[in-house]
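Data block below; observations after.
Note that ligands are numbered from 1 as they come in the structure, with each ligand's atoms numbered from 1 the same way.
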Amino acid sequence: MSSTPSLNSTQTETTPRAPSPSAKNEQWIEKAKAHLLQNYKQQPIVLERGLGSRVWDADGREYLDLLGGIATCGLGHCHPEVVAAVRGQLDKLWHVSNVFYSEPQIELAARLTAASGLARAFFCNSGAEANEALIKLARKVQKDRGQTERYEVITFENSFHGRTLATVTATGQTKYQKGFEPLPQGFTHVPYGDLEAVRKAVGPRTAAILVEPIQGEGGVRAAPPGFLKALRALCDEHGLLLMIDEIQTGMGRTGKVFAFQHEDVLPDAISLAKSLGNGLPIGAMLCSEEAGKSLTAGTHGSTFGGNLIAAVAANVVARKVTEPQMLRDVTQKGEYFLGRLRELQRRLPTIIKEARGLGLLIGVELFQDSAPIIARCRELGLLLNAAGEKTLRFAPAFTVSHDDLDHGVRILERALKP
Ligand SMILES: *Cc1c(COP(=O)(O)O)cnc(C)c1O
């Protein structure tokens, strides 16, 4: 998949790069600063084109993208099969509303339920919306069981679940909540991985536990082995729903279709988004037959959810990431890349604290603020971002080549050396 035009990696590496953006980039950024809401810390380049793991900015400068559209483009930019599927659908039908059925959505539901072992699929447009569906599901299931007092969801410190009022409250980081009070009721946070703390937090109001298998935004930190299984047992003991946020970890990212499949557990429901549409906006909530019975006609919905264009893209993703070879590739490339990063850590032990991750979701924790390193990498032609203050996040496309991973490690080394 790295057979992109003029992509000689050694050439990229030695091409001198202007220290600051020039010409077209600068003009666009000026306009952006005049008109866009200034709610993001945006890196000062305007990206225009992409292919596989490469992107080009408005001035034609080439970058190795090891962030993969922030873990959305699992198959790489403009993957030919996704492009063909979307093109094919463009001339047929775009949107019909969920008052009607459409084939791509039904096919996607069948693929995702088969891959997950869950029974029902609901489609929406983003991760936050998928988590909203989980939260509403938990409350409704408990109501329908006659457990009218059970509405609280236990989530974890340092977690990330989205930016809507409910999901930002579920998120275990106060920096995202400050200024938006009063926050909705019904969320309790406990330390991640701490089973005793979860046990203590379960009370007469608890409806569900919502957990990321690996905290992505929170610094690429995995739950300790056995944690999900222990949560499953705890949920069974108390009649709670186990809900897993697979928005960042799902669709092949960790070497399994879903990260919960690394452990022998079946959650009651999961949320998906990020790489589900390979860059097109689509989210999903999958749940068990029993839980799904609570969201009857009229109880929940979304205008654009499962839109035909997004659904055909997601069908390609769902087909590709359920191929055993693709999952083996992710595992193998992830181990290779992590191995290279750990070598780098051994060479630079006062700069890199730890390299960790699973499959192609990898964090490199530094002893210093990551922002200047990210800027330096970009100037040297490598794109990545921060997860937490000191951790660099890599979420490359599953189709990334070993050469590109090596190239990324070389650039990172140059960026890190004092
Ligand atoms: C990105 C992310 C979300 C939020 O998704 P949006 O599409 O930005 O709403 C929620 N949970 C996790 C684990 C995520 O990584």
Side-chain angles (χ1 to χ4, degrees), residues 37 39-42 67-74 122-138 153-173 175-177 180 187 189 192-193 208-223 227-228 242-254 256 258-260 262 267 269-286 302 304-307 310 313-314 317 357-363 384-388 391 393-396:
L37 189 70
N39 61 318
Y40 298 108
K41 278 189 211 138
Q42 288 176 297
L67 183 58
I70 201 149
T72 62
C73 302
F122 163 78
F123 295 107
C124 51
N125 314 282
S126 69
E129 271 182 89
N131 282 339
E132 286 275 347
L134 287 181
I135 295 161
K136 286 179 73 176
L137 177 78
V153 178
I154 297 174
T155 70
F156 294 89
E157 288 169 12
N158 211 35
S159 61
F160 185 82
H161 298 296
R163 304 288 201 145
T164 61
L165 272 174
T167 58
V168 89
T169 309
T171 292
Q173 303 187 57
K175 67 174 181 191
Y176 292 120
Q177 300 162 346
F180 299 112
F187 297 93
H189 304 99
Y192 189 54
I209 296 171
L210 173 60
V211 62
E212 292 163 274
I214 299 172
Q215 290 189 328
E217 308 292 318
V220 192
R221 289 170 201 282
F227 188 57
L228 296 182
L242 177 62
M243 312 196 296
I244 302 191
D245 182 336
E246 290 266 4
I247 289 166
Q248 189 153 167
T249 52
M251 304 314 288
R253 174 64 51 197
T254 68
K256 301 268 186 194
F258 306 106
F260 74 76
H262 288 282
I270 67 172
S271 51
L272 297 173
K274 290 210 164 76
S275 60
L276 180 57
N278 208 50
L280 281 176
I282 181 167
M285 187 275 285
L286 310 180
S302 162
F304 285 116
N307 167 285
V317 174
L358 188 61
L360 285 170
L361 180 59
I362 288 175
L384 65 160
N385 90 329
T391 303
R393 173 177 29 190
F394 295 91

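- Distances below 4.0 Å separate heavy atoms of Q248 from the following atoms of ligand 1: 15 (O).
- A donor-acceptor contact shorter than 3.5 Å is absent between the side chain of Q173 and the backbone of G218.
- Counting heavy atoms closer than 4.0 Å to ligand 1, residue H161 contributes backbone atoms (N, CA, C, O) but none from C-beta onward.
- Nearest protein heavy-atom contact of atom 15 (O) of ligand 1 is K274 NZ, 2.6 Å.
- Under the 4.0 angstrom criterion, atom 8 (O) of ligand 1 counts as lacking any protein heavy-atom contact.
- Considering backbone and side-chain atoms alike, A273 places every N or O at 3.5 Å or more from each N or O of ligand 1.
- Scanning the protein heavy atoms around atom 11 (N) of ligand 1, the nearest turns out to be D245 OD2, 2.8 Å.
- Side-chain contact annotation: T155 with H189, donor-acceptor N/O pair under 3.5 Å present.
- A salt bridge does not link E217 with K175: none of the charged nitrogens is closer than 4.0 Å to a carboxylate oxygen.
- Looking only at heavy atoms of the protein, atom 6 (P) of ligand 1 is closest to G127 N, 3.5 Å.
- Counted within 6.0 Å of CZ on F304, heavy atoms from surrounding residues, nucleotides or ligands total 12 or fewer; the atom is thus considered open.
- Within ligand 1, counting atoms from 1 as listed, the ones closer than 4.0 Å to a heavy atom of A128 are 4 (C), 5 (O), 6 (P), 9 (O).
- Counting heavy atoms from C-beta on, the side chains of E212 and H161 come closer than 4.5 Å.
- A donor-acceptor pair shorter than 3.5 Å can be found between the side chains of T254 and H262.
- Nearest heavy-atom pair across G69 and C73 is CA-SG, 4.5 Å.
- Counting heavy atoms under 4.0 Å from ligand 1, residue N131 touches it through the side chain alone.
- Of all the atoms in ligand 1, the ones that sit under 4.0 Å from a non-hydrogen atom of S126 are 7 (O), 9 (O).
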